[in-house]
Engineer: 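Quick one: structure below, then a few questions.
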Amino acid sequence: MIVAFGTINVDMVTVVPRFPVPGETVKGRDYQLFPGGKGANQAVAAALAGAKVVLVGCVGRDGFADVALAGGERIGLQLSRVSPAARPTGAQMIAVDPTGENLMIGADAANRATRAEQLDGLLGPGVTLLTQNSLGTKEVERAIARARAAGARVVYNAAPAEPVAEAAFADADVVVVNEHEARGYAALFGLPHEYRAFAEAAAARFATLVVVTLGPRGLVAARPDRPTLIGTSPAVVAVDTTGAGDALCGALAAALDRGETVETALRQGLAAGALACRETGAQASFRDLAEIRRFAADARLESAVSA
């Protein structure tokens with residue numbers, strides 16, 4: 001079972017001809033509302049990838065709460081640990097340019113009420129905690145410590161990059177960051193800034209699997225005393241990259257949770273992330289395990305040549 005601990009948002013998405021510069025207004029023709037938030041996105045992605053998932057977080061007592069939870073309700077996520085808060089439901093405003101790249105501005109709102117105590121009774125051997133920094137590092141550090149003490153696996157998407165205690169990395173079984181976040185943590189922990197060197201140094205220092213995602217270029221995955229792996233994503237025509245990283249994390253966690261090898265989990269993560277780029281929105285673009293497995297056949301994973 002996967003316990004997803006993270007943000008639950010409404011995404012307001014509009015397609016724009018280009019991104020604005022400060023002080024400039026750039027308009028899209030229309031907008032769409034989607035369920036989002038890194039916690040909810042990764043929960044939905046993991047469930048579609050075959051896992052039983054409990055979502056833990058907070059929403060407001062407003063109409064946006066229904067939108068934010070619609071994706072999870074549709075696929076049968078367990079939502080009993082989602083609590084109502086006095087603040088409004090979290091929101092993310094997303095602009096997408098013609099290449100599929102996105103620009104985001106968010107408001108945490110009700111997500112700031114989420115507490116690690118909401119995990120009580122859920123963590124233990126055979127359970128995977130899937131979490132991110134989107135809630136703020138204080139509660140995430142507490143959640144990871146609880147999971148480690150209870151004997152649960154921890155998949156930690158350390159995004160966005162925040163000043164976090166080294167124990168959060170050391171207590172995680174898997175740490176996932178993108179190359180920009182890797183540079184932030186390299187500066188924080190005094191590690192090499194180049195993404196492969198960072199992954200290898202962090203894996204050795206924290207005794208964990210460190211995955212650095214590289215967008216359409218794939219990923220690098222390093223483990224202590226094992227060859228570094230270079231992953232190449234299946235080719236797709238990108239429409240919207242929103243949620244691609246969440247799809248990768250959810251599918252990766254789901255594969256590990258059901259006992260797949262690290263190599264298989266990475267291939268399925270790459271496939272899920274690539275598939276999520278083909279449509280607008282995050283959760284609406286995620287695909288099920290059967291399609292992920294078919295697409296994963298086109299994901300390449302090779303041992304890196306030693307530097």
Engineer: Measure the spacing between CZ of Arg142 and OG1 of Thr137 and express it to the nearest 0.5 Å.
Structural biologist: 12.0 Å
Engineer: Side-chain contact, heavy-atom cut-off 4.5 Å: Leu266 with Glu263?
Structural biologist: no
Engineer: Hey, what do you get for CZ (Arg112) to CG (Asp108), rounding to the nearest 0.5 Å?
Structural biologist: 4.0 Å
Engineer: Would you call Arg196-Glu200 a salt bridge at under 4.0 Å N-O?
Structural biologist: yes
Engineer: From Asp11 CG over to Asn41 CG, what is the distance, rounded to the nearest 0.5 angstrom?
Structural biologist: 6.5 Å
Engineer: Look only at the side chain of Thr131 and the backbone of Phe5, and say whether a donor-acceptor pair between them is shorter than 3.5 Å.
Structural biologist: yes
Engineer: Hey, are the side chains of Val56 and Leu122 touching, using non-hydrogen atoms and a 4.5 Å cut-off?
Structural biologist: yes
Engineer: Side chains of Asn178 and Val212: closer than 4.5 Å at any heavy-atom pair?
Structural biologist: no
Engineer: Given 3.5 Å as the limit, does a donor-acceptor pair link the side chain of Arg81 with the main chain of Asp120, or not?
Structural biologist: yes
Engineer: Between Ala274 and Val236, which heavy-atom pair has the shortest distance, and what is it?
Structural biologist: O-CG2, 3.5 Å
Engineer: Looking only at heavy atoms, what is the nearest atom pair of Ala222 and Ala203, with distance?
Structural biologist: O-CB, 3.5 Å
Engineer: Any side-chain heavy atom of Ser134 sitting closer than 4.5 Å to one from Gln132?
Structural biologist: yes
Engineer: Can you check whether Thr213 reaches Val177 side chain to side chain, under 4.5 Å on heavy atoms?
Structural biologist: no
Engineer: For Cys58 and Arg115, run side-chain contact (heavy atoms from CB on, under 4.5 Å): C-alpha distance rounded to whole Å, both residues' side-chain angles, the deciding distance at 0.1 Å, then the answer.
Structural biologist: CA-CA 9 Å; Cys58 288; Arg115 297 290 180 267; over 6 Å; no
Engineer: Test of understanding: with ring-ring contact (aromatic ring centres under 6.0 Å, His included), list the residues that count as partners of Phe206, not counting sequence neighbours.
Structural biologist: Phe169, Phe189
Engineer: Show your reasoning for whether side-chain contact (heavy atoms from CB on, under 4.5 Å) applies to Leu48 and Val44.
Structural biologist: CA-CA 6 Å; Leu48 287 171; Val44 168; 3.9 Å; yes
Engineer: Gln32 versus Met12: any side-chain heavy-atom pair under 4.5 Å?
Structural biologist: no
Engineer: Is Phe19 isolated, or which residues cluster with it under the ILVMFWY side-chain rule of less than 4.5 Å, directly or via members?
Structural biologist: Val16, Val26, Leu103
Engineer: Got Leu248 and Asp246 here, is their nearest side-chain heavy-atom distance under 4.5 Å?
Structural biologist: no
Engineer: Strictly distance-based, threshold 3.5 Å: is any side-chain N or O of Arg148 a donor or acceptor partner for the main-chain N or O of Asp171?
Structural biologist: yes
Engineer: Report yes or no: does Thr14 contribute a side-chain atom to a donor-acceptor pair with the main-chain N or O of Asp30 at less than 3.5 Å?
Structural biologist: yes
Engineer: What residues, two or more places apart in sequence or in another chain, satisfy side chain to side chain contact (heavy atoms under 4.5 Å, CB included) together with Glu260?
Structural biologist: Ala255, Arg258, Thr264, Gln268, Arg293
Engineer: Report yes or no: do Val154 and Val211 belong to one cluster of Ile/Leu/Val/Met/Phe/Trp/Tyr joined by side chain heavy-atom distances under 4.5 Å?
Structural biologist: no
Engineer: Going only through I, L, V, M, F, W and Y residues with side-chain contacts under 4.5 Å, is there a path from Leu275 to Leu289?
Structural biologist: no
Engineer: Please give me the minimum heavy-atom distance between Ser233 and Pro216, naming the atom from each residue.
Structural biologist: CB-O, 4.1 Å
Engineer: Going through the distances and angles, do Val155 and Thr128 end up as a side-chain contact (heavy atoms from CB on, under 4.5 Å)?
Structural biologist: CA-CA 7 Å; Val155 177; Thr128 298; 3.8 Å; yes
Engineer: Without placing hydrogens or testing angles, list every side-chain donor-acceptor pair under 3.5 Å for residues 63-74, not counting sequence neighbours.
Structural biologist:
none

Engineer: Tell me whether Leu301 shares a hydrophobic cluster with Val174, the cluster being built from Ile, Leu, Val, Met, Phe, Trp, Tyr side chains joined at under 4.5 Å.
Structural biologist: yes
Engineer: Could you report the tightest heavy-atom contact between Ile2 and Ala46, atom names first, then the distance?
Structural biologist: CD1-CB, 3.8 Å
Engineer: State whether the side chain of Thr7 and the backbone N or O of Leu135 hold a donor-acceptor pair below 3.5 Å, judged by distance alone.
Structural biologist: no
Engineer: Would you say that Glu194 contacts Arg183 through its side chain, given a criterion of any heavy-atom pair below 4.5 Å between the two side chains?
Structural biologist: no
Engineer: Can you hop from Met1 to Leu123 via hydrophobic side chains spaced under 4.5 Å?
Structural biologist: yes
Engineer: Among pairs that include at least one residue of residues 273-284, which meet salt bridge (Lys or Arg N to Asp or Glu O under 4.0 Å), considering only residues two or more places apart or in two chains?
Structural biologist: Arg278-Glu291, Glu279-Arg287
Engineer: Table please: side-chain donor-acceptor pairs of residues 156-166 below 3.5 Å, with sequence neighbours left out.
Structural biologist:
from: Tyr156; atom 1: OH; to: Asn133; atom 2: OD1; distance (Å): 2.6
from: Tyr156; atom 1: OH; to: Asn133; atom 2: ND2; distance (Å): 3.3
from: Asn157; atom 1: OD1; to: Lys38; atom 2: NZ; distance (Å): 3.4
from: Asn157; atom 1: OD1; to: Gln42; atom 2: NE2; distance (Å): 3.0
from: Asn157; atom 1: ND2; to: Val176; atom 2: O; distance (Å): 3.0
from: Glu166; atom 1: OE1; to: Arg205; atom 2: NH2; distance (Å): 3.2
from: Glu166; atom 1: OE2; to: Arg205; atom 2: NH2; distance (Å): 2.7

Engineer: So which heavy atom on Gly243 is nearest to which on Phe286, and how close?
Structural biologist: O-CE2, 3.4 Å
Engineer: Report the distance from atom CD of Glu302 to atom OG1 of Thr232, rounding to the nearest 0.5 Å.
Structural biologist: 6.5 Å
Engineer: Checking the side chain of Thr114 only, and the main-chain atoms of Gly57 only, is there a donor and an acceptor separated by less than 3.5 Å?
Structural biologist: no
Engineer: Does Ala45 offer a backbone N or O that forms a donor-acceptor pair with the side chain of Gln283 under 3.5 Å?
Structural biologist: no
Engineer: Determine whether a donor-acceptor pair (N or O, by modelled atom type, separation under 3.5 Å) exists between the side chain of Arg300 and the backbone of Ala297.
Structural biologist: no
Engineer: State whether the side chain of Thr89 and the backbone N or O of Gly60 hold a donor-acceptor pair below 3.5 Å, judged by distance alone.
Structural biologist: yes
Engineer: Under 4.5 Å between side-chain heavy atoms, counting indirect links through other Ile/Leu/Val/Met/Phe/Trp/Tyr residues: same cluster for Val210 and Leu188 or not?
Structural biologist: yes
Engineer: When you measure from the side chain of Asn9 to the backbone of Gln92, do you find a donor-acceptor pair of N or O atoms at a distance under 3.5 Å?
Structural biologist: no
Engineer: Roughly how far apart are Leu55 CG and Gln118 CD, rounded to 0.5 Å?
Structural biologist: 10.0 Å
Engineer: Yes or no on side-chain contact (heavy atoms from CB on, under 4.5 Å) for Val262 and Leu209, after CA distance, side-chain angles and deciding distance?
Structural biologist: CA-CA 9 Å; Val262 167; Leu209 169 64; 3.9 Å; yes
Engineer: Nearest heavy-atom pair of Leu77 and Ala47: which atoms, and what distance?
Structural biologist: CD2-CB, 3.7 Å
